[in-house]
**Student:** 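Sharing a structure, written as structure tokens. Questions coming.
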Amino acid sequence: MTVTTEQARWFHETFEKLADNVEKAVLGKRNVIRLVLTALLSEGHLLLEDYPGTGKTQLARALANTVQGSHARIQFTPDLLPSDVTGVTVYDQGKGAFEFHPGPIFHSIVLADEINRASPKTQSALLEVMEEGRVTVDGATRDVGRPFMVIATQNPIEQAGTYRLPEAQLDRFLMKTSVGYPDQNATVELLMNSSVRDRATLVTPIITAPTVTQMAEMADQVYIDPAIVAYVSALVDESRRHKHVRLGASMRGCLALVRTAKVWALAEGRSQVLPDDVKSLAEPVLCHRLILDPEAMFNGVTVEDVIGDLLTSVPAPTERVA
């Protein structure tokens, strides 16, 4: 089963409408919005790392408001408990039985604000649900349903009283990106409309949760040539051998590149993946999965530099295999 031309056109038009809707809240950040939507339609999770006041929370809330479904915001703090996230089983004296009270994780889109301020024990409450889409409380396993997406934010400069996310949890985020400061035109427009306190309220739902699931399933059918699959494998393999890298990309990162490339291609109105799709997504998909050698970091080498080296040294395919 392959994606037809009509389906690809419908996906592209719907994707652009979603991007237009989110852009009402976050001006001048079209590429970032496309990355966020790609993560949603790839059924993955997103980590937003940026400075205060750049619109991380606005972007997450605007996406949540775009989808007709339930969404919740969890403010991560040092005293937050795992049960505050997943839920808790309580004994009901009237009924004489235990009842499960679901936590905020049982929503379609969950905003985990300042995730690195919670303790590692609380952070680990997200591990199972982010990977398997289900929560185990008191021995009972409960599905959170589809679609399901965690959007986590963290501040890269205020590290006092924070707990760094472990590599195992970072790897569960499909992509990591930053919003960045707005350009001159967007800044002027924001200042001219300074009376609008919360721009996320301008965003209204335009797509249902079942349609999001339908689009994700459609993206799974996008054709990817074996030559491009081999290219993705070579990029990931080379990341493990790079001279500045202590830990390269995992197999989960390899799968993430393929999944996001399919959505990216379909968002462009194409039913097949091109090497440029992989190149466009290499940085947001791999940047949080690479651990640099301490000496390289001391010398000013960045993860972005390493990914640039990988894209330069590993030749992209120029011919189809099948």
Side-chain angles (χ1 to χ4, degrees), residues 11 14-15 17-18 21-22 35-48 57 59-76 80-90 92 97-113 115 118 122-153 168-169 171-175 200 203-222 252 255-256 259-260 262-263 266-267:
F11 191 103
T14 305
F15 190 94
K17 289 178 183 177
L18 293 174
N21 201 47
V22 175
L35 289 175
V36 174
L37 291 172
T38 298
L40 172 67
L41 299 175
S42 300
E43 296 189 301
H45 311 289
L46 180 74
L47 178 61
L48 290 173
T57 304
L59 176 57
R61 291 182 56 226
L63 177 66
N65 291 344
T66 294
V67 180
Q68 288 180 359
S70 61
H71 51 84
R73 178 179 182 269
I74 310 172
Q75 182 64 53
F76 277 66
L80 192 74
L81 299 175
S83 58
D84 295 329
V85 177
T86 60
V88 64
T89 302
V90 179
D92 189 325
F98 285 94
E99 282 191 351
F100 177 68
H101 291 230
I105 202 66
F106 286 87
H107 289 80
S108 298
I109 299 177
V110 178
L111 169 59
D113 217 357
I115 189 173
T122 302
Q123 291 177 7
S124 66
L126 294 173
L127 289 176
E128 180 186 16
V129 68
M130 288 176 65
E131 182 69 16
E132 303 173 23
R134 61 189 184 187
V135 174
T136 301
V137 179
D138 295 333
T141 301
R142 298 172 174 83
D143 291 331
V144 295
R146 295 174 65 194
F148 172 70
M149 181 184 187
V150 173
I151 305 176
T153 69
Q169 186 158 356
D171 201 31
R172 280 168 169 77
F173 284 100
L174 186 75
M175 291 193 291
V203 179
T204 55
I206 63 170
I207 189 171
T208 62
T211 305
V212 172
T213 303
Q214 177 189 350
M215 294 177 73
E217 292 173 348
M218 186 184 299
D220 287 337
Q221 307 303 321
V222 171
R252 192 183 282 120
L255 291 167
R259 286 164 53 196
T260 54
K262 287 183 175 183
V263 174
L266 206 51

**Student:** Return the set of residues passing side-chain contact (heavy atoms from CB on, under 4.5 Å) with Leu81 (not counting sequence neighbours), or none when no residue passes.
**Tutor:**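 Leu81 satisfies side-chain contact (heavy atoms from CB on, under 4.5 Å) with Ser83, Asp84 only.
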**Student:** Do any side-chain atoms of residues 98-111 form donor-acceptor pairs under 3.5 angstrom with protein atoms, and if so which ones, sequence neighbours left out?
**Tutor:**
unit_1	atom_1	unit_2	atom_2	d
Glu99	OE2	Lys95	NZ	2.6
His107	ND1	Pro104	O	2.8

**Student:** Could you walk me through whether Glu132 and Thr141 pass side-chain contact (heavy atoms from CB on, under 4.5 Å), step by step?
**Tutor:** CA-CA 11 Å; Glu132 303 173 23; Thr141 301; over 6 Å; no
**Student:** Using atom types as modelled, flag every donor-acceptor pair under 3.5 Å from a side chain in residues 209-216 to any protein atom, sequence neighbours excluded.
**Tutor:**
unit_1	atom_1	unit_2	atom_2	d
Thr211	OG1	Thr208	OG1	2.7
Thr213	OG1	Ala209	O	3.4

**Student:** So, taking the atom named CG in Leu40 and the one named CD1 in Ile151, what distance separates them when rounded to the nearest 0.5 Å?
**Tutor:**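 Rounded to the nearest 0.5 Å, the CG-CD1 separation comes out at 7.5 Å.
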**Student:** Please lay out, stage by stage, how Val36 and Met175 fare under the test side-chain contact (heavy atoms from CB on, under 4.5 Å).
**Tutor:** CA-CA 9 Å; Val36 174; Met175 291 193 291; over 6 Å; no
**Student:** Out of curiosity, Leu47 CG to Leu174 CG, how far, rounded to the nearest 0.5 Å?
**Tutor:**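 Taking CG in Leu47 and CG in Leu174, the distance rounds to 11.5 Å.
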**Student:** My understanding is that only residues two or more places apart in sequence, or in another chain, count here; which of them pass salt bridge (Lys or Arg N to Asp or Glu O under 4.0 Å) with Arg61?
**Tutor:**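 Arg61 satisfies salt bridge (Lys or Arg N to Asp or Glu O under 4.0 Å) with Asp198 only.
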**Student:** Would you check if the side chain of Glu131 reaches a backbone N or O of Arg172 as a donor-acceptor pair within less than 3.5 Å?
**Tutor:**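 Not at all, since once roles are kept as given, no pair shorter than 3.5 Å links the two residues.
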**Student:** Heavy atoms, side chains only, cut-off 4.5 Å: are Phe11 and Val222 in contact?
**Tutor:**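 Counting from C-beta outward, Phe11 and Val222 never come under 4.5 Å.
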**Student:** Asp113: which residues meet the salt bridge (Lys or Arg N to Asp or Glu O under 4.0 Å) condition with it, sequence neighbours left out?
**Tutor:**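 Once residues adjacent in sequence are excluded, the partners of Asp113 under the salt bridge (Lys or Arg N to Asp or Glu O under 4.0 Å) criterion are Arg73.
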**Student:** Under the ring-ring contact (aromatic ring centres under 6.0 Å, His included) definition, can you give me all pairs with a residue in residues 133-153, not counting sequence neighbours?
**Tutor:**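 Sorted pair list: His45-Phe148.
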**Student:** Can you measure from OG1 (Thr122) to CG (Leu80) and round to the nearest 0.5 angstrom?
**Tutor:**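 Those atoms lie 5.0 Å apart.
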**Student:** Enter the distance from Thr66:OG1 to Leu37:CG here, rounded to the nearest 0.5 Å.
**Tutor:**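 Output value for this atom pair is 7.5 Å.
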**Student:** Shortest non-hydrogen contact from Ala39 to Met149?
**Tutor:**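 For Ala39 versus Met149, the nearest heavy atoms are CB-CE, 3.7 Å.
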**Student:** Quick one: CG on Asp220 to CG on Leu266, what's the gap to the nearest 0.5 Å?
**Tutor:**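 Between atom CG of Asp220 and atom CG of Leu266 there are 10.5 Å.
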**Student:** Roughly how far apart are Leu255 CG and Thr260 OG1, rounded to 0.5 Å?
**Tutor:**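 The OG1 atom of Thr260 is 10.5 Å from CG of Leu255, to the nearest 0.5 Å.
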**Student:** For Asn65 and Val203, work out which heavy atoms get closest and say how close.
**Tutor:**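 Result for this residue pair: CB-O, 3.5 Å.
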**Student:** Locate the shortest heavy-atom distance separating Met130 from Val150; write the atom from each residue and the value.
**Tutor:**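 Closest approach of Met130 to Val150: CG-CG2, 4.1 Å.
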